[in-house]
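Throughout, numbering of the chain's residues begins at 1 and tracks the sequence. Order of listing sets the numbers, starting from 1, for every ligand and every atom in it.
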Amino acid sequence: MLSPSTPIPMSSSYSTRSSSDGHPKASADATGFPDAHDPTHAPGGRVRVFDTTLRDGEQAPGCSMTPDEKRRVARQLAALGVDVIEAGFPASSAGEVEAIQHIARDVGRNGGPIICGLARANTRDIDICAEAIAPATRRRIHTFIATSDIHMEHKLRMSRARVLETIRLAVTHARTLCEDVEFSAEDASRSDPEFLCEAFVAAVGCGATTINVPDTVGYVTPSEYAALIARVVAAVGSSDVTVSTHCHNDLGMAVANTLAGVKAGARQVECTINGLGERAGNASLEEVVMALHTRRALYGVTTGINTREIARSSAFVTDATGVQMPCNKAIVGANAFAHEAGIHQDGVLKHRETYEIMSAELVGATTNLVLGKHSGRNAFHQHVRDRLGVTLAQDALERAFARFKSIADERKVVSADELHHVVIAACQPEVTIRV
Ligand code: KIV
Ligand code: ZN
């Protein structure tokens with residue numbers, strides 16, 4: 001319902017004019033990244049979406065959620081169609097174990113996603129994790145240890161040999177409790193690549209089924225990350241072992257790095273709704289998924305995500321954490337499908353794909369043509385027709401548009417009530433109505 005102070009969104013029939021996603025036709029890959037899969041028919045072309053909003057996302061300052069909020073978000077993640085929900089870090093508290101057990105019971109059954117818990121590479125963490133995820137039909141233990149010299153020397157105070165031995169013990173133990181075990185080499189992107197591959201080979205040798213390559217501190221560039229993933233795929237990738245991306249956004253490259261990793265052969269992407277996560281966040285699920293979808297001719301892979309649930313999922317997470325998205329956030333920001341500039345509004349009204357590369361409906365949102373000082377005559381008249389059911393004669397349109405522009409020049413938005421008055425005044429030029 002529009003109220004007198006409601007900014008005017010214009011969502012009208014133009015949004016259904018096109019059913020296409022507006023993506024350009026396939027062109028040859030110009031990225032120059034290693035490409036482990038044929039992008040045209042991609043036999044291994046299904047990418048698993050591993051959502052860590054409830055673990056890496058929740059870990060970020062100001063993002064914690066109550067057990068009830070976690071459960072609600074988990075239900076929505078299942079509706080979104082993620083393959084894996086990392087529900088938390090069970091060893092962190094008894095409350096966390098309970099919350100994960102609830103999620104495992106609530107959404108981890110009846111064909112729901114795999115429920116995963118994080119565990120450091122020690123027996124205690126792994127045992128607690130197994131207990132937390134136990135109620136789920138499909139469960140995963142995700143164990144990790146750092147492999148970079150800086151972490152091993154200063155944080156772990158462990159030699160390379162000891163880290164390798166710890167990996168073997170941890171993965172072997174986890175496999176006795178769960179047949180689906182993921183191993184992550186924390187700070188992989190700053191690790192000696194040769195040692196990193198040795199660590200991954202050790203983990204796979206002990207039964208790890210997913211190998212994760214975290215850019216823990218958001219340091220690498222897309223071409224570097226692609227080269228690293230290609231190297232790991234060559235070392236351990238097989239039909240039984242999935243190589244995964246996990247990128248942080250410290251330099252604003254988490255999504256680009258994730259996509260480069262997919263291009264290089266990774267078949268699992270770890271990400272969070274709204275890009276929540278430590279420091280500058282993790283790769284944003286909605287951006288990764290919509291890039292893979294919109295540019296599918298380039299990437300040649302699919303996901304199991306129901307994209308129409310994206311806007312709702314974003315709203316759920318915003319609601320649960322209280323962390324608002326900037327209006328210009330890709331895919332889920334308030335302006336992601338909004339147009340105010342006259343040239344853009346005119347283009348969208350004539351043919352949506354002039355200024356939109358995907359339809360708002362595809363992500364469960366709606367296109368907004370916002371009336372403001374940049375709006376053009378065409379969009380103004382379309383709005384008057386759609387919202388007020390009035391088609392103005394040319395002279396009335398000119399008067400109404402001129403008055404509208406002068407109000408819009410003074411204010412950021414023109415309310416529905418003001419617009420109503422402008423149109424009435426334009427139709428009865430001899431009557432002066434104050435607005
Ligand atoms: O960023 C990171 O390294 C992590 C691991 C625990 C997977 O979140
Ligand atoms: Zn992380």
Check your understanding: Between the main-chain N or O of Leu276 and the side-chain N or O of Asn274, is there a donor-acceptor pair closer than 3.5 Å?
Key -> no
**Study point:** Cationic tip of Arg55 above Phe89 ring, under 6.0 Å, 45° of axis
**Key:** no
Exercise for review: Among Glu86, Glu98, Glu96, find the one that has a salt bridge (Lys or Arg N to Asp or Glu O under 4.0 Å) with Lys70.
Suggested key: Glu96
Exercise for review: Please confirm whether Thr216 comes within less than 3.5 Å of ligand 1 when only nitrogen or oxygen atoms on both sides are compared.
Suggested key: yes
Check your understanding: Among the N, O or S atoms that His248 has, which is closest to the Zn ion (ligand 2)?
Key -> NE2
Revision key, fill the gap. Among N, O or S atoms, Asp56 approaches the Zn ion (ligand 2) most closely through OD2
Practice item. Note the single closest protein heavy atom to atom 7 (C) of ligand 1, along with its residue, its atom name and the distance in Å. Key: Ser184 OG, 3.7 Å
Practice item. Provide, to 0.1 Å, the distance between atom 4 (C) of ligand 1 and the closest protein heavy atom, together with that atom's residue and name. Key: His246 NE2, 3.5 Å
Exercise for review: Number the atoms of ligand 1 from 1 as they appear, then name those within less than 4.0 Å of a heavy atom of His248, with their elements.
Suggested key: 1 (O)
Exercise for review: Apply side-chain hydrogen bond (donor to acceptor under 3.5 Å, both in side chains) to the pair Ser191 and Thr147, showing each step before the final yes or no.
Suggested key: CA-CA 6 Å; Ser191 302; Thr147 52; 2.8 Å; yes
Review point. So, is Glu186 polar-close to ligand 1, with some N/O to N/O distance under 3.5 Å?
Key: no
Exercise for review: Mind telling me whether His344 and His339 have parallel, tilted or perpendicular rings, with 30° and 60° as the class edges?
Suggested key: tilted
Review point. Just checking, any donor-acceptor pair under 3.5 angstrom between side chains of Ser184 and His142?
Key: yes
Exercise for review: List every atom of ligand 1 that sits less than 4.0 Å from any heavy atom of Pro214, numbering the atoms from 1 in the order shown and giving each element.
Suggested key: 2 (C), 3 (O)
Check your understanding: Which is closest to atom 6 (C) of ligand 1 in terms of heavy atoms, Arg279, Arg120, Glu270, Arg55?
Key -> Arg55
